[in-house]
Amino acid sequence: MKKVIAADPGLRAARYPRGAMRGPVMKIEDIAVRYGDCWSIRSATITLEPGVIHAILGENGAGKSTLLKAAAGFAPRVAGTVKIEDGAAAIGMVHQHFMLVSAFSALENLVLGNEPTGSFGRLDLTKARREAEALMEKTGLRVNLDARTSDLAVGERQRLEILRVLYRGARAILLDEPTAVLSPLEAEELYTTLGALAEGGATIAVVTHRMDEVIRFAGHVTIMRRGRTVLSRPIAADERNHPKRLEDELTRAIMGGEPPHEASPPALAEDAEVALSIEDLVLVDAAGKRVLDGLRFAVKKGEIVGIAGIEGNGQRELVRAVAGLEPGVAGAIVLGGARLPAVRSTGDLRKRRRAVAVVHEDRHADGLMLDASVGDNLVLGELDQIDGPAAEAALIKHRIDRFGVNPPDPARRAGDLSGGNQQKVVVARALDRIEASPERALVVLGQPTRGVDVGAAATIHGAVVAAAEKGLAVLLVSADLGELKRLSHRILVIHRGRIVAELPPTAADDVIGRAMLGMEDA
Amino acid sequence: MNDKRARALLPIVLAIAGGILLFNLIAFAFGQAPASALRLAFEGTWGTPYGLGQVLFKATPLLFTGLAFEVALRAGLFNIGAEGQLGLASLVGALVASNLPASLPMPIALPIVLVTAAAVGALVAFIPAILRARRGVHEIITAIMVNRIVDAILPWTFSTVLGSSSLRTADIAPGAALPRLDRVIPSFAGSAASFAFPLAVATVFAAMALLGRSRPGREIRWVGLRPEACRAEGIDVERRMLLAMLLSGAIAALAVSSTALGYKGYYELGLGAGAGWSGIAVAMLGRGKAIGIVLAAIFLGTLEQAGLAVNARVPREAMNVLEATLIVLVAVASRVASQGARAAASADPEPEPPRDKPAPTPASEEARS
């Protein structure tokens, strides 16, 4: 990576002789952004220069995404100034959720909103293709232009988004959590591309949750905490040689103090007996696709088994099948030596819930009632086991205290909590209930810390480890390799509904990543 | 704070003032001196004890049907079948009441009639309820159809089954009749207000308390908020929906107490018709609170009675226009008012961004917020 850029425009011009691609300097000074009653950004100052990858880090709700949106002009700014060298037209944003029309071809999406037209407004796709080919040639970003967008892989769709932004003539690209949906290999590829664009003179800013990406690829880092930029400085090349030191500094800035200690899996007895065994699980979805395709593995008592995989390879269905929410599943789920009967009624489901705790990956759809109170959410589904309002209030208080739900107010609307605290509520309900159940056997967690900040994640990790220490088998499905490696005794890699590899938690990221892509030599 | 609350209530005051203005315009259009028509409307409602009694009488069925709609709404269902549920329940209830022995005392006769009516109301609601819970058929469609079926059943029963040309049942047994309120408040004399009104108010408060605190009530509400989460946690979503819909039908049916039992002493075709529809407006204006439902029912009762009071001089249809307009005005105003109240309660008038520097806090605490 090149050294940090100087502010002198003459020097920059000398550096990027081609000129055409040089991105604008964006100066954001002391801005404040408010949504309703809530200050998303209280005071943020940042200067984005062309030539390096700017990383913006921070906890959930710290204002990172809003900062990007404010820079691109999408956010309702209350105070402060945004100065963009050549005007806002030069900026393109790649959103966290792709803005692509899935029924269009890649080429149609690429030119969407900026289509070359012939007479009477007819779409000139020949010209569009010529321009797109030229653009792909210039940037090295490759997408199959004739493919239907819904058939493209996530990484390809992201490249398409970037190409579209470039096609519109943007020379500054702002990306909101671009790697959240990518496998490690795809993420690396993305950063290589972004690095090349930056070398070519574009202004690149990336919001991310992942510290390792910042340390490896970013030339400049900005940390936001509670709506403020608390640190904004270049990263020198030699700092990368001491990643731990840099990581500690950044973590302290993100957290505003010492980082919480990291959880590690409890010791596992050699002779621990098998608690859960999954045998030849098959599930065919409505379209006839085998989303679970002969899945088999076992989890011992007190063992934490991590499931790694690229999204959409059967993780969600696995969690739902074990939870008893997929009536069409074939194969056996054996718990404590006895095969679980199929769930045919709510009574069966309640029975299974006494042995198996489940955290679903989409907390807003399957886990929380956003319009109900925190207290109601904490006791959802177990009113029949609670003895009167006093006992209920005590149980709610216990769960709020144990998991540090903040604010600790049972009457608060769950939808008003931050994402991390919402997740604490879901996890608290599942784990605290199963630990009190005499038939407890298994905990299944789907993405327990997705979109959750460091502090809340530490709380949740601690609770997962505590559950394993109590002898529960834990099945942890996560897209976060760091989390899997830290918490698991073993990592199983799922690909197209099958387990394709079993790896130790010490396995290198790229080894796991290759297995996730289904490569044979993993 | 008081000032803010007053500001929040302003839209409602303005809406009512707008309604009065509109009333005057309508009266003027029909050649009446506006002030005199208004005086007539006031005297017919809140101005005299008799008028007040009539307002309460008109409000009573709306209390039941409003509560009925609210109960179903809690489970996320729209029970627009109250009209049919109330119609068939009134007929069956009155038939049972008219066949009870005259000597049966009220503590036995009245519960028999009310329970029968409630059961019939629940039965009528069962059709859309079970189709929704088991087969996912939308309850609005089925309820509309059931309403039409009941519409056909009622006259057919009178003319064919009962062979009555007057389209009314026989008089009910004295034990099944609800006494008029003028027994305890003599100045209500002549008005049709009966003990059905306090019964209705008590039912509203009791049902809303049960919905908020009892296990089935809370689970009904949770199912309405997010059925997927409830299903995943082992709540029987279908059963809770079914229960809410049956309760709704039963409550709507209780409106028979104010019409056949408390007023006419028999059921005739069309008695109490329309209450099922007005109940939707009551529930919407009541905003999920017991006191809100009571106030909304009395508000609509007032409008209905006012329409009758000026009927001789201003046609009833014009009053219906006024009524509908006022409901819309108040609905908009109460929403504006509650938003204003929320904004007044939470946001400081200070528009400046908070520039305070973050205090150094330990990571453990910082991380929680």
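Since this is a predicted model, take the numbers as computed values, not measurements. Chain A is the first sequence line, chain B the second, and so forth, proteins listed ahead of strands; every chain is numbered from 1.
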Ser43(A) and Asp30(A) side chains, donor-acceptor separation under 3.5 Å:
yes
Atom group of [X] that falls short of 4.5 Å from chain A, counting heavy atoms:
| X | result |
| --- | --- |
| Ile235(B) | both |
| Arg218(B) | side chain |
| Arg213(B) | neither |

Pair [X] + [Y], salt bridge at N-O below 4.0 Å:
| X | Y | result |
| --- | --- | --- |
| Glu382(A) | Arg399(A) | yes |
| Asp366(A) | Arg226(B) | no |
| Arg221(B) | Asp376(A) | yes |
| Glu233(B) | Arg433(A) | yes |

Pairs of heavy atoms under 4.5 Å with chain A: top-ranked of Glu228(B), Arg231(B), Arg215(B)
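Greatest number of close heavy-atom pairs with chain A: Arg215(B).
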Sort out for me which of Val426(A), Leu383(A), Ile386(A) touches chain B most, counting heavy-atom pairs under 4.5 Å.
Leu383(A)
Of all of Thr459(A), Asp384(A), Asn377(A), Leu325(A), which one pairs up most often with chain B through heavy atoms under 4.5 Å apart?
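Winner by heavy-atom pair count: Asp384(A).
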Please look at Ala372(A) and chain B and tell me whether the side chain, the backbone, both or neither of the residue comes under 4.5 angstrom of a heavy atom of that chain.
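Both parts, heavy atoms under 4.5 Å.
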Arg352(A), part contacting chain B, at a heavy-atom distance under 4.5 Å:
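No part of Arg352(A) comes within 4.5 Å of chain B.
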Can you measure from CG (Leu67(B)) to CG (Leu62(B)) and round to the nearest 0.5 angstrom?
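Reported value, rounded in 0.5 Å steps: 12.0 Å.
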